[in-house]
Participant: 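One structure, pasted below without further comment.
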Amino acid sequence: MSVRVRFAPSPTGYLHIGSARTALFNYLFARNTGGKFLLRIEDTDLARSTDESTRSIIDGLAWLGFAPDEEIVFQSANADKHREAANRLLAEGKAYRDFTPKEAAGDGSVKEAIKQRAREQGADKNMRDNPYRELSVVESDTRAANGEPFAIRLKVPESGRTAFDDQVYGIQERDYADTEDLVLLRSDGHPLYNLAVVCDDIEMGITHVIRGQDHLTNTHKQILIYEALGVAPPTFAHLPLIMAPNKGKLSKRKHGEVVSMTTYRDAGFLAEAFRNFLALLGWSAGEEKEIYSMQELIEKFSLDGIHRSNAIFNFHPDDPRKWTDDKAIWMNAEYIRTMPLAQLLPHVRTELKANKLWREEYDEAGTSPYDGGVDAASADGVVLPREIGSYEWYLHTVDLIRQRFFTLNDFSSQGRAYFSEDFDFDPAAVAKNLTKFPELREWLPELADRFEAEFQAETRPVGSVPLGGSRSLAYTEENIETVVKAFTEEKGTKLGVIMNGARTLLTGTAVGPSMLSVFEVIGHDRAVMRLRSQVAWN
RNA sequence: GUCCGGUUCGUCUAGGGGUUAGGACACCGCCCUUUCACGGCGGCAACACGGGUUCGAAUCCCGUACCGGAUACCA
């Protein structure tokens with residue numbers, strides 16, 4: 001029998017990080033086994049489900065790259081079938097009508113109320129004490145016919161136990177005495193979760209149910225329903241939960257944006273990096289490897305590698321640099337700096353376009369006699385003459401600056417100065433590298449003069465035949481180093497002071513690639529202009 | 001309360017009777033770049049506790065503690 005799994009979120013919010021991982025594991029399992037990955041929106045709770053949420057979940061899934069193999073199933077569309085199943089069980093005597101009036105819906109702290117009630121009932125609670133459980137069929141039918149409202153509850157047998165072999169947690173057993181006569185159909189006629197899930201999983205031909213561990217006890221109830229329906233249950237595999245740093249529940253209310261998938265998309269994460277990170281949260285291939293391509297993940301994934309203990313999603317709300325899990329940030333940076341440049345380019349393009357930093361030239365290969373494409377531009381040690389703003393220059397620049405970036409957004413924020421004259425100065429960088437050394441206010445413009453005196457102007461591309469006399473040096477890293485060092489010695493200061501000051505003036509930041517490369521990539525003319533600029537000082 | 005589950009460095013984890021308990025992130029230090037959040041090298045740091053079983057337990061069993069989940073006419 002070929003594998004069929006489903007990811008079944010309820011559309012009551014955005015795509016949560018835990019749900020995203022559940023989707024990932026289902027997806028990986030399906031691909032690994034050559035099965036189908038399906039999507040079912042569990043919108044049984046009409047009051048809480050929203051279209052907006054459904055859309056956001058589908059968007060999040062699309063971003064992560066998990067396209068369902070069949071059409072999306074909306075659970076609410078199957079309500080009739082669920083009702084039918086409940087009525088059948090009623091007719092067969094496997095369920096009964098409960099005429100107990102519905103309790104007024106609690107507000108807010110339903111969870112607490114339930115806990116409280118359960119505590120009060122203690123261990124003495126008899127799950128079979130519903131007065132309507134043994135009501136005669138005649139009386140039940142009569143009362144129903146008279147229009148008296150009722151819920152339909154499953155008639156759990158007096159004695160026995162449910163059991164299943166969870167693929168992660170092992171054999172799970174539970175005495176019937178610990179399971180209530182669960183409601184199948186509400187008094188308003190709407191089916192409840194456990195019934196709906198079972199019916200839909202049967203109808204969709206689901207072979208493996210892979211979901212959060214919070215459903216472990218639901219599984220016993222669902223097995224009871226499978227048994228009543230006379231259908232063999234699927235295989236179950238429950239996943240450990242992802243918790244907040246205090247081991248508490250990770251929720252939007254308490255933790256905000258960090259738990260939403262769209263946050264990562266918007267923050268400039270690469271889907272492949274985030275997937276990789278998610279895969280390692282609660283699963284391991286049992287080897288000392290961290291970076292996995294999707295293909296490797298698919299090949300190596302197995303239910304055996306899933307953990308039984310909850311994982312903490314570690315983040316520090318107070319530290320802007322660690323607003324989300326360290327490892328996720330590191331992994332994204334790792335992907336950005338090591339993935340093939342050609343794969344990164346489309347993302348950078350999107351980022352630059354969105355920030356009006358894009359030039360058509362960056363798109364066009366083959367416009368320069370020096371054009372060697374992506375490979376040549378990223379080859380070590382090969383210095384190709386390149387014109388500022390050209391395609392080759394662009395490739396080289398992206399390849400250079402990505403080394404210290406963490407997110408795609410960095411290309412337009414920290415990297416803005418490479419693509420535009422209109423960039424901001426990081427106040428911390430200004431304080432640390434400029435105002436701390438007031439002499440620089442004189443020195444840096446002097447350095448600009450020196451550049452002008454020593455180097456060929458931009459219009460004469462690097463590598464062309466030098467002019468005689470002064471202004472003869474090619475604007476290369478090597479020559480820049482010579483000039484800057486000489487200048488430093490004249491001023492009797494440390495190279496770092498000049499370099500850091502120049503970095504801040506040239507790029508607005510305190511960090512980046514080797515400063516010699518920065519000089520070179522920014523280009524002679526812009527470097528001179530920026531070294532003279534006084535705006536950062538004011 | 002009851003039922004179920006879990007517990008290896010701060011975090012993610014490897015390891016499932018004999019290991020100097022391994023890796024990654026973070027952190028710290030050194031080196032590189034007479035500059036930085038790259039890179040290289042190194043360091044700090046863990047088997048919850050108590051009993052068993054065993055020649056030997058992080059690994060197996062029991063108990064305790066702690067954490068989590070469930071206990072709805074929510075999903």
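Because only heavy atoms are used, hydrogens play no part in the values below, and waters and symmetry mates are left out as well, while side chains stay in. To find a chain, count down the sequence lines: A is the first, B the second, and so on, and within it residues start at 1.
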Participant: Check the distance between B/G22's C1' and A/Glu288's CD and give it to me in whole angstrom.
Facilitator: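 Between C1' of B/G22 and CD of A/Glu288: 5 Å.
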Participant: With a 4.0 Å cut-off on heavy atoms, is A/Ser514 in touch with a base, just the backbone sugar-phosphate, or nothing at all?
Facilitator: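 Counting heavy atoms under 4.0 Å across all strands, the contact made by A/Ser514 includes a base.
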Participant: Within the 4.0 Å heavy-atom criterion, would you say A/Gly212 contacts the bases, only the backbone, or no part of the nucleic acid?
Facilitator: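 No contact at all - A/Gly212 keeps every heavy atom at 4.0 Å or more from the nucleic acid.
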Participant: So is A/Lys289 actually on top of A/Tyr292's ring, under 6.0 Å and inside 45° of the axis?
Facilitator: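 Judged by the rule, A/Lys289 and A/Tyr292 form a cation-pi pair.
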Participant: Would you call A/Glu180 and A/Lys221 a salt bridge, using N to O less than 4.0 angstrom?
Facilitator: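 Answer for the salt bridge query: yes.
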Participant: Could you tell me the Watson-Crick or G-U partner of B/U35, where both distances fall under 3.5 Å? Say none if there is no partner.
Facilitator: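 No nucleotide pairs with B/U35.
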Participant: Taking atom C1' in both B/C47 and B/G10, compute the distance separating them and give it to the nearest angstrom.
Facilitator: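 These two C1' atoms come out 16 Å apart once rounded.
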Participant: Quickly work out the A/Phe315 CZ to B/A26 P distance and round it to whole Å.
Facilitator: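 Nearest whole value for this atom pair: 18 Å.
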Participant: Heavy atoms from C-beta onward define the side chain here; which of B/C12, B/A75, B/C67 lies closest to that of A/Lys327?
Facilitator: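 Closest of the options to the side chain of A/Lys327: B/C12.
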Participant: If you take atom types as modelled and just measure distance, does the side chain of A/Arg337 reach the base of B/C38 with a donor-acceptor pair under 3.5 Å?
Facilitator: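 In this structure, the two groups form no donor-acceptor pair.
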Participant: Distance check needed: B/A70 P versus A/Asn194 CG, whole Å only.
Facilitator: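 From A/Asn194 CG to B/A70 P: 13 Å.
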Participant: Could you check which of B/G23, B/U34, B/G69 has an atom nearest any side-chain atom of A/Glu481?
Facilitator: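 In terms of side-chain proximity for A/Glu481, the closest of B/G23, B/U34, B/G69 is B/U34.
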Participant: Applying a 4.0 Å non-hydrogen cut-off, can you work out what A/Asp45 is touching in the nucleic acid: base, sugar-phosphate, or nothing?
Facilitator: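 Sugar-phosphate contact only - A/Asp45 comes under 4.0 Å of backbone atoms but never of a base.
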Participant: Say you pick atom C1' in B/A37 and the same atom in B/U20; how far apart are they, in whole Å?
Facilitator: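 Straight-line distance between the two C1' atoms is 34 Å.
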Participant: Write down the distance separating the C1' atoms in B/U33 and B/G40, rounded off to the nearest Å.
Facilitator: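 After rounding to an integer number of Å, I get 12 Å for this pair.
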Participant: For A/Phe406 and for A/Asn246, locate the closest nucleotide of RNA chain B by heavy-atom distance; then report the residue assigned to the nucleotide nearer the 5' terminus.
Facilitator: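 Per heavy-atom nearest nucleotide, the more 5' residue is A/Phe406.
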Participant: Which nucleotide, if any, forms a Watson-Crick or G-U wobble pair with B/U20, using both distances under 3.5 Å?
Facilitator: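 B/U20 is paired with nothing.
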Participant: What is the separation between atom CD1 on A/Ile17 and atom P on B/U11, rounded to the nearest whole Å?
Facilitator: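 In whole Å, B/U11 P and A/Ile17 CD1 are 17 Å from each other.
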Participant: Measuring from the side chain of A/Gln414 (C-beta onward, heavy atoms only), which nucleotide among B/C36, B/U11, B/A37 has the closest atom?
Facilitator: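 Minimum distance to the A/Gln414 side chain belongs to B/A37.
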Participant: Using atom CZ of A/Phe274 as one end and atom C1' of B/C12 as the other, report the distance to the nearest whole Å.
Facilitator: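 In whole Å, B/C12 C1' lies 13 Å from A/Phe274 CZ.
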Participant: Using only atom types and a distance under 3.5 Å, with no angle test, would you say the side chain of A/His190 pairs donor to acceptor with the backbone of A/Arg186?
Facilitator: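 Between the backbone of A/Arg186 and the side chain of A/His190 there is no qualifying donor-acceptor contact (under 3.5 Å).
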Participant: On a whole-Å scale, what distance lies between the P atoms belonging to B/A21 and B/A58?
Facilitator: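 Comparing P positions in B/A21 and B/A58 gives a spacing of 10 Å.
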Participant: Between B/G6, B/C36, B/A75, which one does the side chain of A/Tyr169 approach most closely?
Facilitator: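 Among B/G6, B/C36, B/A75, the one nearest the side chain of A/Tyr169 is B/G6.
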Participant: Could you let me know what B/U53 is paired to, Watson-Crick or G-U wobble, both distances under 3.5 Å, or none if it's on its own?
Facilitator: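 Result: none.
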Participant: Taking salt bridge (Lys or Arg N to Asp or Glu O under 4.0 Å) as the cut-off, I'd like each qualifying pair that reaches into residues 486-512 of chain A, sequence neighbours left out, listed once.
Facilitator: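 For residues 486-512 of chain A: A/Glu446-A/Lys491, A/Arg450-A/Glu490.
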Participant: Looking at the side chain of A/Val511, which of B/C36, B/C25, B/G6 is the nearest nucleotide?
Facilitator: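 Shortest atom-to-atom distance from the side chain points to B/C36.
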Participant: Which nucleotide wins on minimum distance to the side chain of A/Gln213, given the candidates B/G5, B/C12, B/A75?
Facilitator: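 The answer is B/G5.
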Participant: Does A/Tyr335 have A/Arg337 sitting over its ring (NZ/CZ under 6.0 Å from centre, angle to axis within 45°)?
Facilitator: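 Not satisfied by the 6.0 Å and 45° rule.
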Participant: Are A/Phe164 and A/His220 close enough that their ring centers fall under 6.0 Å?
Facilitator: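 Here the rings of A/His220 and A/Phe164 have centres that are less than 6.0 Å from each other.
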Participant: Taking atom C1' in both B/A45 and B/G29, compute the distance separating them and give it to the nearest angstrom.
Facilitator: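 Straight-line distance between the two C1' atoms is 15 Å.
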Participant: Once you apply a heavy-atom cut-off of 4.0 Å, does A/Arg404 come out as touching a base, just sugar-phosphate, or nothing?
Facilitator: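 Base contact.
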Participant: Base, sugar-phosphate alone, or nothing: which one does A/Gly286 contact when heavy atoms must sit under 4.0 Å apart?
Facilitator: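 The answer is sugar-phosphate, as A/Gly286 gets under 4.0 Å only of primed atoms, P, OP1 or OP2.
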Participant: For nucleotides B/C3 and B/A72, find the distance between their P atoms and express it as a whole number of Å.
Facilitator: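 Taking atom P in both B/C3 and B/A72, they lie 16 Å apart.
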Participant: Take atom CG of A/Asn310 and atom P of B/A70, then tell me their distance rounded to the nearest Å.
Facilitator: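 In whole Å, B/A70 P lies 11 Å from A/Asn310 CG.
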Participant: Quote, to the nearest angstrom, the P distance that separates B/C9 from B/A46.
Facilitator: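 My reading of the P atoms in B/C9 and B/A46 gives 9 Å.
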Participant: What contact category does A/Glu290 fall into here, base, sugar-phosphate, or nothing, at under 4.0 angstrom with non-hydrogen atoms?
Facilitator: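 Base, at least one base heavy atom under 4.0 Å.
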Participant: So which nucleotide does B/C27 pair with, by the Watson-Crick or G-U wobble rule with both distances under 3.5 Å?
Facilitator: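 B/G43 - that is the nucleotide pairing with B/C27, both distances being under 3.5 Å.
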Participant: Determine yes or no for a side-chain-to-main-chain donor-acceptor pair under 3.5 angstrom, with A/His16 supplying the side chain and A/Leu250 the backbone.
Facilitator: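 Looks like yes, one N/O pair under 3.5 Å.
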Participant: Answer with base, sugar-phosphate or nothing: what part of the nucleic acid does A/Gln172 contact at a heavy-atom distance below 4.0 Å?
Facilitator: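 Counting heavy atoms under 4.0 Å across all strands, the contact made by A/Gln172 is with sugar-phosphate only.
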Participant: Is A/Ser19 reaching over with its side chain to a backbone N or O of A/Leu15, donor-acceptor style, under 3.5 angstrom?
Facilitator: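 Not at all, since once roles are kept as given, no pair shorter than 3.5 Å links the two residues.
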Participant: Among residues two or more places apart or on two chains, list those pairs meeting salt bridge (Lys or Arg N to Asp or Glu O under 4.0 Å) that have a residue in residues 193-202 of chain A.
Facilitator: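 The answer is A/Arg6-A/Asp201, A/Arg40-A/Asp200, A/Arg40-A/Asp201.
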Participant: Can you label the angle between the A/Trp323 ring and the A/Tyr264 ring as parallel, tilted or perpendicular, going by 30° and 60°?
Facilitator: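 A/Trp323 and A/Tyr264: parallel rings.
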Participant: Give the intermediate values and the outcome of ring-ring contact (aromatic ring centres under 6.0 Å, His included) for residues A/His396 and A/Tyr418.
Facilitator: CA-CA 11 Å; A/His396 177 74; A/Tyr418 294 90; over 10 Å; no
Participant: With heavy atoms under 4.0 Å as the rule, sort A/Met243 into base, sugar-phosphate or nothing.
Facilitator: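 Since only primed, P, OP1 and OP2 atoms lie under 4.0 Å of A/Met243, the category is sugar-phosphate.
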Participant: Partner lookup for B/A14, please. Criteria are Watson-Crick or G-U wobble with both distances under 3.5 angstrom; report none if nothing qualifies.
Facilitator: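 With both distances under 3.5 Å required, B/A14 matches none.
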Participant: Counting only side-chain heavy atoms from C-beta out, which of B/G69, B/C4, B/A75 sits nearest to A/Leu241?
Facilitator: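 In terms of side-chain proximity for A/Leu241, the closest of B/G69, B/C4, B/A75 is B/G69.
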Participant: Base, sugar-phosphate, or nothing for A/Lys247, non-hydrogen atoms under 4.0 angstrom?
Facilitator: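 Sugar-phosphate, no base atom in range.
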Participant: CG of A/Asp325 versus C1' of B/A24: gap in Å, rounded?
Facilitator: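 It works out to 12 Å between those atoms.
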Participant: Nearest to the side chain of A/Ser309, which nucleotide is it out of B/C25, B/G6, B/C67?
Facilitator: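 For the A/Ser309 side chain, the nearest candidate turns out to be B/G6.
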Participant: Which one is paired to B/A48, where only Watson-Crick or G-U wobble pairs with both distances under 3.5 angstrom count?
Facilitator: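 Pair assignment: B/A48 / B/U64.
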Participant: Report the distance from atom CG of A/Leu250 to atom P of B/C12, rounded to the nearest whole Å.
Facilitator: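 Those two atoms, CG and P, are 13 Å apart.
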Participant: Taking the side chain of A/Trp330 as its heavy atoms from C-beta onward, which of B/A75, B/C25, B/C27 lies nearest to it?
Facilitator: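 The answer is B/C25.
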Participant: Verify, without hydrogens or angle tests, whether A/Asp98 (side chain) and A/Arg153 (backbone) share a donor-acceptor contact under 3.5 angstrom.
Facilitator: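 Not a single qualifying donor-acceptor pair exists.
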Participant: Collect all protein-nucleotide pairs involving nucleotides 71-73 of chain B in which both atoms are nitrogen or oxygen and the distance is under 3.5 Å.
Facilitator:
from, atom 1, to, atom 2, distance (Å)
B/C73, OP2, A/Arg153, NH2, 3.3
B/C73, O2, A/Ser187, N, 2.7
B/C73, O2, A/Ser187, OG, 2.8
B/C73, N3, A/Ser187, OG, 3.0
B/C73, N4, A/Thr100, O, 2.5
B/C73, N4, A/Lys102, N, 3.4

Participant: Let's test this: given Watson-Crick or G-U wobble pairing with both distances under 3.5 Å, identify the partner of B/U71.
Facilitator: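 The answer is B/G1, by the H-bond criterion.
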Participant: Could you check whether A/Lys289 gets within reach of a base, just the sugar-phosphate, or nothing at all, counting any heavy atom under 4.0 Å?
Facilitator: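 Since no nucleic acid heavy atom lies under 4.0 Å of A/Lys289, the category is nothing.
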Participant: Could you please name the option among B/G69, B/U11, B/A14 that lies closest to any side-chain atom of A/His307?
Facilitator: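 Per side-chain heavy atoms of A/His307, the pick is B/A14.
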